[in-house]
Amino acid sequence: MAGELELAGKSERDRAIREFVRTRLVRSPEAGPLASVLLLGPRGSGKTTLLGHLAEWGRLAPLAHVDLAARGRHGAKPLDVLTRLVFQLNENKRDFPRLTFPTCGLLLIAVSTRVDLSSRERAVQQLREALEAPRGQRGDRLQGVLEAFAEAAATVMGAPNFAVAPALRLLPTSMGARGVSLATRQRLARIRRQQGGRPVNDFIVNLNMLYNDRESAERERAEQVLFDAFVADLQQAYGTRSAQRKRTTNCLLLLDNADSPLGGQFLEPLLRAREKAECRDPLLVLATAASRPEALVRREQSGPPHSGAYLACWEKDREFQPVRVDSVLHVGQLRDLYQREVNKEAEEMLRRVPVDAPMPETDDGVQWLGWLVRELTRGQPAATAALLDALRAQTGDDPWDERLRRLFTPQLVRDMLDRLLPMGTSVELRAMLARAAAAVHLGQAGAARELWRDASEALGADFALFSGDPLRTMHLATGDELTDGPHETLHPVLRFLLLRELAQADTTADTWDVAHTALSLRAAARIEEGHEAESWAVAYHDLASGHLEAAATHLDGCFTRMPAEEWCRGLCRLRRAPVRTPGGGLAGPPRQQFEALVRFLNDPERPRDRRMKAVTRLLAASWIAPEPRDDQATDRVGDPYRNPLGDPYAELYPDIREEFLTLRAMVDDEADRHVFLRKSEQYKRRPWW
């Protein structure tokens, strides 16, 4: 999405990560080992755009950048990726001495050269020509190494996808005059000793045989040797006295989609090689993943951490400090954008609005728009960018509340879900997730038997995999479960979009009512089993289905049976019930919609008492109106879902205050009277102030 690219590198979050990278790229004697950093984040959290920004920002430094998923789709193997990264680090940079990789380069040639297997002499000649062609005559001083490589090549039939000749760029120019350097021979000897101390010919032959073996374990052993050589070359390049004076910048390795199949095959040997070197090589590795890759799972000694554990990297407000997993791997999770970050983007957008175009109908338009966007998206980067882009694209003279009512078109909803749901999500799973979004959390949906009628076992397995992974559900993790909900709770923006898709599906079948009826039946069954608290769930699904009177009757019946604070928590649960419209807003202005909802209270044939009228009006107004500023005493109900589109300017707040004060007058207990007074005060200020 274009908006995501515009946001990359601009947020405080991205700048904090960039500053973390900058401080570690600068070499200093007191700096410790450079651990590899894994950035976790669900789809749409800005991983790829962040790495793209860092690649552009650091392009003049020793840097390599690879999308492991993209390379894997083209059939690449770990050594193809290693070769690609080495070539990028080998690039000539104006302000940095060129890096060469003699050991790694020679071993790459050793496992990749195609030779004539009918003649050993011919094989030696061909390998010599492969080494000498790009740089001229290298002389007989390479003969011993060439013969060893020829012995290796003569034992195999195939070769990996990368070419031999380009690997010669990795060799230092001095090799043409003096042959293989002493340092290279020493590194080769050290690697041979690690492999069991075989003579050079046996070692090279064995290496080539391992790499070309059909068994993946054998190939992995050979690949590990080349990863070790890669790290050894970097240590040597930075280890001499002259290098320590000239090389003032570490190397930056940017690896996108490390949780892809190829990513797992590449990341593990790289981490092992760095572990052997005790991370004293000059590599700063920054990898991204949308799920926990195997390399991380193996290192989590205490098992999977609790949801949001890696968000601890943001404990300092404007600083990124990843969480240590072990000596070689640190992990951080990309957070959503803060309110002030969204406000900044809203301010930039409003600056672009034409002078003669309508502005928000409030004196503090920037705060209002920033609050509205973040209330809907909770700062989820891709969703925030998509919403601002959609608002920017709207033209005409319509007021902003009307623009918002028509903002979530079927196309926008579809595009945003395509961006946020895991790649490869099936049509069946997506439809089930839309039905499951009717529940407060996916655990409730998974237990609602009527919701799963005619569903296949495969769909159930896919749903369980999705709902059990907080990176797929994009679960909010502030550290307070009473605010965030159970671990199977969807991110509010993901739930909002799935509900829009569920409402749009009503053009062919009444799927909205089917979903809420199934969930209401589950709650009723649990009530029969003795779980009285589920009565709130029945009222919740009544309200979501448009049955305001039934929900209000339940709320009124609870008024004298529980303390005011508990009753207000129940009201909070109900006011977060989703609205049954494809766009998420109501059909018209909030005052008009409110009066239409409560009109039945004026029916002379069915008189209601004063309290029932007050409870009904309070429920209707607070359901339409946006959430007020949080009151920790009554708002922590395990449901983070919010929808400000019914009343974006909070026009119904005076009605809510009035009804709270009406109810206050109906109770005698001093503590209860104070609770209702405090709740009325909560609606005095606009939520964006």
Side-chain angles (χ1 to χ4, degrees), residues 1 3-21 39-47 49-50 53-54 288 307-323 332-351 360 364-389 391 416 420 470-471 474-480 483-485 489-496 626-632 635-636 640-644 685-689:
M1 291 183 178
E4 287 183 75
L5 296 177
E6 294 173 8
L7 289 175
K10 293 171 60 177
S11 65
E12 291 178 14
R13 182 197 75 175
D14 287 6
R15 292 202 302 270
I17 294 174
R18 187 178 65 202
E19 178 62 15
F20 171 86
V21 171
L39 280 179
L40 295 175
R43 288 201 71 207
S45 56
K47 303 181 298 296
T49 53
L50 172 61
H53 165 74
L54 291 174
T288 64
S307 178
Y310 295 126
L311 283 168
C313 62
W314 301 105
E315 285 183 351
K316 295 184 178 179
D317 191 27
R318 298 173 191 265
E319 184 178 330
F320 174 70
Q321 192 58 247
V323 178
Q333 184 170 337
L334 290 177
R335 62 167 175 79
D336 289 338
L337 304 177
Y338 293 144
Q339 182 67 69
R340 61 179 179 260
E341 295 173 285
V342 179
N343 283 359
K344 185 176 180 181
E345 296 306 316
E347 181 179 16
E348 190 170 313
M349 183 203 142
L350 287 177
R351 281 204 200 102
D364 43 11
V366 169
Q367 286 80 3
W368 173 81
L369 182 59
W371 159 79
L372 184 86
V373 171
R374 191 171 187 275
E375 192 79 349
L376 283 165
T377 68
R378 296 302 175 88
Q380 205 285 330
T384 299
L387 231 59
L388 290 171
D389 276 351
L391 285 168
M416 290 179 71
L420 298 181
L471 287 172
M474 298 163 44
H475 177 63
L476 289 180
T478 65
D480 181 2
T483 298
D484 304 333
T489 305
L490 288 167
H491 191 287
V493 73
L494 186 55
R495 187 179 177 207
F496 176 87
E627 290 281 334
R629 287 176 172 268
D630 291 338
D631 183 343
Q632 290 297 305
D635 293 354
R636 297 165 65 238
Y641 182 75
R642 297 182 175 191
N643 178 3
R685 291 197 309 164
R686 296 294 188 262
W688 58 89
W689 288 356

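- Here the closest non-hydrogen pair linking Pro322 and Cys313 is CA-CB, 3.8 Å.
- Looking at heavy atoms from C-beta onward, Glu19 lies out of side-chain contact with Arg318 at the 4.5 angstrom threshold.
- Proximity of a side-chain donor or acceptor of Trp314 to a complementary backbone N or O of Gln333 within less than 3.5 Å is detected.
- Ring geometry, Phe320 versus Phe20: the interplanar angle exceeds 60°, so the pair is classed perpendicular (tilted spans 30 to 60°).
- To the nearest 0.5 angstrom, Glu347 atom CD is 14.5 Å from Arg340 atom CZ.
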Between Leu476 and His491, does a side-chain contact (heavy atoms from CB on, under 4.5 Å) hold up when you go through it step by step? CA-CA 6 Å; Leu476 289 180; His491 191 287; 3.6 Å; yes
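- Between Leu391 and Leu369 the shortest side-chain heavy-atom distance falls below 4.5 Å.
- Among all heavy-atom pairs drawn from Ala477 and Leu311, the shortest one is O-CD1, 3.6 Å.
- Under the 4.5 Å side-chain criterion, counting only non-hydrogen atoms from C-beta, Asp484 is not in contact with Pro640.
- In this structure, Trp371 and Trp688 have tilted ring planes: the angle between them lies in the 30° to 60° band.
- Note on Lys10 versus Glu345: salt bridge recorded, some NZ/NE/NH1/NH2 to OD/OE distance being below 4.0 Å.
- Within the 4.5 Å cutoff, the side chain of His53 has no heavy atoms near those of the Asp14 side chain.
- Applying the 6.0 Å contact sphere to CD of Glu315 captures no more than 12 heavy atoms from other residues, nucleotides or ligands.
- Expressed to the nearest 0.5 Å, how far CZ of Arg642 lies from CD of Glu375 amounts to 5.0 Å.
- Residues Pro381 and Thr49 have side chains not in contact (no heavy-atom distance under 4.5 Å, counting atoms from C-beta outward).
- Partner Leu334 forms a side-chain contact (heavy atoms from CB on, under 4.5 Å) with one of Leu40, Thr288, Ile17 and no other, that one being Ile17.
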Would Arg18 and Leu54 count as a side-chain contact (heavy atoms from CB on, under 4.5 Å) if you check the C-alpha gap in whole Å, the side-chain angles of each, and the deciding distance to 0.1 Å? CA-CA 7 Å; Arg18 187 178 65 202; Leu54 291 174; 3.8 Å; yes
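- A donor-acceptor pair is defined here as one N or O able to donate and one able to accept, closer than 3.5 Å; such a pair exists between the side chain of Lys47 and the backbone of Gly41.
- Across Leu372 and Pro644, no two heavy atoms sit closer than the pair CD1-CG, 3.7 Å.
- Taking every heavy atom of both residues into account, His475 and Ser307 meet most closely at CD2-OG, 3.3 Å.
- Ionic pairing of Lys344 and Glu348 is not present here: no N-O contact between side-chain nitrogen and carboxylate oxygen is shorter than 4.0 angstrom.
- Within the 4.5 Å cutoff, the side chain of Val493 has no heavy atoms near those of the Thr384 side chain.
- Of all heavy-atom pairs spanning Ala309 and Val323, the tightest one is O-CG2, 4.2 Å.
- Atoms CG and CD, on Leu494 and Gln380 in that order, are 8.5 Å from each other to the nearest 0.5 Å.
- Test Arg378, Arg13, Arg335 against Glu341 for salt bridge (charged side-chain N to carboxylate O under 4.0 Å, His left out) and you get one pass: Arg335.
- By the 4.0 Å N-to-carboxylate-O rule, Arg685 lies too far from Asp364 to be salt-bridged with it.
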Yes or no on side-chain contact (heavy atoms from CB on, under 4.5 Å) for Leu387 and Met416, after CA distance, side-chain angles and deciding distance? CA-CA 9 Å; Leu387 231 59; Met416 290 179 71; 4.2 Å; yes
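- From Tyr641, atom OH reaches atom CG of Leu490 across 11.0 Å, with rounding to the nearest 0.5 Å.
- One finds the OG1 atom of Thr489 at 9.0 Å from the CZ atom of Arg495 (value rounded to the nearest 0.5 Å).
- A 4.5 Å side-chain heavy-atom check between Pro42 and Leu420 finds every atom pair outside the cut-off.
- Checking Val373, Val342, Asn343 one by one against Leu337, the side-chain contact (heavy atoms from CB on, under 4.5 Å) holds for a single residue, Val342.
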